[in-house]
K.L.:
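Got a structure for you, questions after.
Heavy-atom basis, side chains included; hydrogens, waters and symmetry copies ignored.
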Amino acid sequence: SGLVALREREKAAYQAREGISLSYVPFVVQAAAAGLKRHPALNGHWTEAGLVAKRQINVGIAVAVEDGLIVPVIRDVDRLSISGLNRAIADVSARARAGKLRVDDFGGGTFTVDNTGWLGSNLTLPIINVPEVAILTMEDIRKRPVVLETPSGDVIAIRPIMNMVLAIDHRANDGAGATALLRDIKA
């Protein structure tokens with residue numbers, strides 16, 4: 001609810017100032033980067049020698065193109081602001097759809113974020129972008145009834161909710177580590 005309210009409040013001014021729309025994706029990427037710092041076993045590659053955790057947080061952004069899916073990489077996402085992430089995501093997405101990606105847009109990804117929600121999906125099982133060990137999918141934001149605890153007791157309210165699905169390579173981490181990362185992204 002807080003994120004939806006923030007975006008609604010800021011999107012018109014942001015569009016006028018920056019010339020591009022403000023997406024939910026950079027907020028999730030920034031939250032994922034913060035979570036990956038606390039859970040480095042999910043920010044890495046699986047090799048024949050085992051898990052190689054990476055220091056840099058380089059996030060692949062899954063982009064639907066005419067004949068499939070492509071995953072360009074944005075490097076050092078933990079060093080970018082929301083606005084910087086939004087610009088970088090919009091840039092690689094536009095270049096991917098126009099067939100104008102560069103060689104340095106590929107490789108070196110340590111984690112992937114996929115946004116199937118713009119298609120209206122509610123629960124998608126993403127496929128890990130090997131050799132990475134995890135991928136996060138954002139689903140459609142839908143209004144749902146939720147129970148809120150108040151000082152005068154529980155109440156039912158309508159709130160925007162987004163499911164997120166995290167697929168992991170269990171050779172690199174277990175479900176507890178993945179759940180902790182999802183908890184931190186949500187927080």
K.L.:
Taking transitive links into account, so neighbours of neighbours count too, which hydrophobic residues share a cluster with V73 at under 4.5 Å side-chain distance?
P.N.:
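None; V73 is a cluster of one.
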K.L.:
What residues form a salt bridge (Lys or Arg N to Asp or Glu O under 4.0 Å) with D76, not counting sequence neighbours?
P.N.:
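For D76, no residue satisfies salt bridge (Lys or Arg N to Asp or Glu O under 4.0 Å) once neighbours in sequence are set aside.
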K.L.:
Would you verify whether the NZ or CZ of R7 falls within 45 degrees of the ring axis of Y24 while also being under 6.0 Å from that six-membered ring's centre?
P.N.:
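Positive - R7 is close enough to the ring of Y24 and near enough to its axis.
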K.L.:
Should R183 and T179 be marked as a side-chain hydrogen bond (donor to acceptor under 3.5 Å, both in side chains) after you check the CA-CA gap, both sets of side-chain angles, and the distance that decides it?
P.N.:
CA-CA 6 Å; R183 177 202 60 217; T179 301; over 6 Å; no
K.L.:
Taking all non-hydrogen atoms of both residues, which atom of F106 and which atom of V71 are closest, and how far apart?
P.N.:
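Taking F106 first and V71 second, the nearest heavy atoms are CD2-O, 4.1 Å.
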K.L.:
Applying the side-chain contact (heavy atoms from CB on, under 4.5 Å) test to N122, which of I161, D140, N163 qualifies?
P.N.:
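Looking at I161, D140, N163, the match for N122 under the side-chain contact (heavy atoms from CB on, under 4.5 Å) is N163.
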K.L.:
What do the steps show when you test D114 against T116 for side-chain contact (heavy atoms from CB on, under 4.5 Å), and what is the final call?
P.N.:
CA-CA 6 Å; D114 185 15; T116 58; 3.5 Å; yes
K.L.:
So do V92 and I74 actually touch side chain to side chain, heavy atoms under 4.5 Å?
P.N.:
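Touching, per the 4.5 Å side-chain cut-off.
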K.L.:
How long is the span from the OG atom in S121 to the CE atom in M138, to the nearest 0.5 Å?
P.N.:
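Output value for this atom pair is 10.0 Å.
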K.L.:
Between CG of L166 and CZ of F111, what distance do you get to the nearest 0.5 Å?
P.N.:
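Atom-to-atom, L166:CG and F111:CZ are 5.5 Å apart.
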K.L.:
Indicate the atoms forming the closest heavy-atom contact of D174 with H170, along with that distance.
P.N.:
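Of all heavy-atom pairs spanning D174 and H170, the closest is CA-ND1, 4.1 Å.
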K.L.:
How is the hydrophobic cluster of V52 composed, in terms of its other members, when Ile, Leu, Val, Met, Phe, Trp and Tyr link through side-chain heavy atoms under 4.5 Å apart, directly or indirectly?
P.N.:
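Result for V52 is none, singleton.
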K.L.:
Are V133 and I185 connected, step by step, through hydrophobic side chains (Ile, Leu, Val, Met, Phe, Trp, Tyr) whose heavy atoms are closer than 4.5 Å?
P.N.:
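Different clusters.
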K.L.:
When clusters are formed by joining ILVMFWY residues with side-chain heavy atoms under 4.5 Å apart, either directly or through shared neighbours, do L69 and V165 land in the same one?
P.N.:
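Unlinked, L69 and V165 end up in two clusters.
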K.L.:
Can you check whether V25's main-chain N or O pairs, donor with acceptor, with S23's side chain at less than 3.5 Å?
P.N.:
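Here the side-chain-to-backbone pair exists.
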K.L.:
Side chains of V28 and M164: closer than 4.5 Å at any heavy-atom pair?
P.N.:
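When only atoms from C-beta onward are counted, M164 and V28 do touch, with a gap below 4.5 Å.
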K.L.:
Where the side chain of N129 meets the backbone of T112, is there a donor-acceptor pair that is under 3.5 Å apart?
P.N.:
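Flag not set: sc N129 to bb T112 has no pair under 3.5 Å.
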K.L.:
Could you go step by step and tell me if I20 and N86 meet the side-chain contact (heavy atoms from CB on, under 4.5 Å) rule?
P.N.:
CA-CA 9 Å; I20 59 172; N86 195 61; 3.4 Å; yes
K.L.:
Taking the basic N atoms (NZ, or NE/NH1/NH2) and the acidic carboxylate oxygens, is any pair closer than 4.0 Å for D91 and R95?
P.N.:
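The answer is yes: the pair qualifies as a salt bridge.
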K.L.:
If we only count heavy atoms from C-beta on, is the Q30 to I82 side-chain gap below 4.5 Å?
P.N.:
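Side chain of Q30 against side chain of I82, heavy atoms only: contact under 4.5 Å found.
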K.L.:
Dump the intermediate steps for side-chain contact (heavy atoms from CB on, under 4.5 Å) on Q56 and T110, then the final yes or no.
P.N.:
CA-CA 8 Å; Q56 287 184 294; T110 60; 5.6 Å; no
K.L.:
Once you round to the nearest 0.5 Å, how far does OG of S1 lie from NZ of K143?
P.N.:
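One gets 9.5 Å once the value is rounded to the nearest 0.5 Å.
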K.L.:
Test V4 against I141 for side-chain contact (heavy atoms from CB on, under 4.5 Å), laying out the working first.
P.N.:
CA-CA 9 Å; V4 170; I141 298 173; 4.1 Å; yes
K.L.:
Let me confirm one number: the CD1-CD1 distance from I89 to I61, rounded to the nearest 0.5 Å.
P.N.:
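Answer for the CD1-CD1 pair, I89 versus I61, is 4.5 Å.
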K.L.:
Nearest 0.5 angstrom please: I128 CD1 to I135 CD1, how far?
P.N.:
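So the gap between those two atoms works out to 8.0 Å.
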K.L.:
Just wondering, do L85 and S83 contact through their side chains at under 4.5 Å, heavy atoms?
P.N.:
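In short, these two side chains do not touch, never coming nearer than 4.5 Å.
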K.L.:
Linking I/L/V/M/F/W/Y whenever their side-chain heavy atoms sit closer than 4.5 Å, directly or via other members, would L136 and F27 fall into one cluster?
P.N.:
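Yes, L136 and F27 fall within the same hydrophobic cluster.
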K.L.:
Just checking L3: does its CG atom have more than 12 heavy atoms from other residues, nucleotides or ligands closer to it than 6.0 angstrom?
P.N.:
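Yes.
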K.L.:
Does the side chain of R159 come within less than 4.5 Å of R144's, by heavy atoms?
P.N.:
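No, their side chains stay 4.5 Å or more apart.
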K.L.:
Working to the nearest 0.5 angstrom, can you tell me the gap between I168 CD1 and N173 CG?
P.N.:
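Answer rounded to 0.5 Å: 5.5 Å.
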K.L.:
What heavy-atom pair brings A180 and H39 nearest, and what distance separates the two atoms?
P.N.:
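Shortest heavy-atom separation between A180 and H39 comes out as CB-CE1, 3.4 Å.
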K.L.:
What closest approach, in Å, do P126 and A167 show between heavy atoms, and which atom pair accounts for it?
P.N.:
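Looks like O-CB, 3.5 Å.
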K.L.:
Check K11 with E8, please: is the shortest side-chain N to carboxylate O separation under 4.0 Å?
P.N.:
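Here E8 pairs with K11 in a salt bridge, since their nearest N and O are under 4.0 Å apart.
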K.L.:
For L148, does the CG atom have more than 12 heavy-atom neighbours from other residues, nucleotides or ligands under 6.0 Å away?
P.N.:
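Yes, because the 6.0 Å sphere around CG of L148 holds more than 12 heavy atoms from other groups.
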K.L.:
Is there a donor-acceptor contact under 3.5 Å from the side chain of N43 to the main chain of K54?
P.N.:
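Yes, the answer is positive, given that a donor and an acceptor are paired below the 3.5 Å cut-off.
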K.L.:
Does some side-chain heavy atom of V63 sit less than 4.5 Å from a side-chain heavy atom of P72?
P.N.:
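Side chain of P72 against side chain of V63, heavy atoms only: contact under 4.5 Å found.
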K.L.:
Quick check: is V113 connected to L101 through a chain of hydrophobic side chains (ILVMFWY, heavy atoms under 4.5 Å apart)?
P.N.:
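Yes, it is one cluster - the side chains of L101 and V113 are joined through contacts under 4.5 Å.
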K.L.:
Could you report the tightest heavy-atom contact between A64 and W118, atom names first, then the distance?
P.N.:
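Reported closest heavy-atom pair: CB-CZ2, 4.1 Å.
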K.L.:
Tell me the closest heavy-atom pair linking G177 and L42, and the distance in Å.
P.N.:
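Shortest heavy-atom contact: O-CD1, 3.6 Å.
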K.L.:
Treat each ILVMFWY residue as a node, draw an edge where side-chain heavy atoms are under 4.5 Å apart, and state whether V29 and L181 are in one component.
P.N.:
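Per the 4.5 Å side-chain linkage, V29 and L181 are co-clustered.
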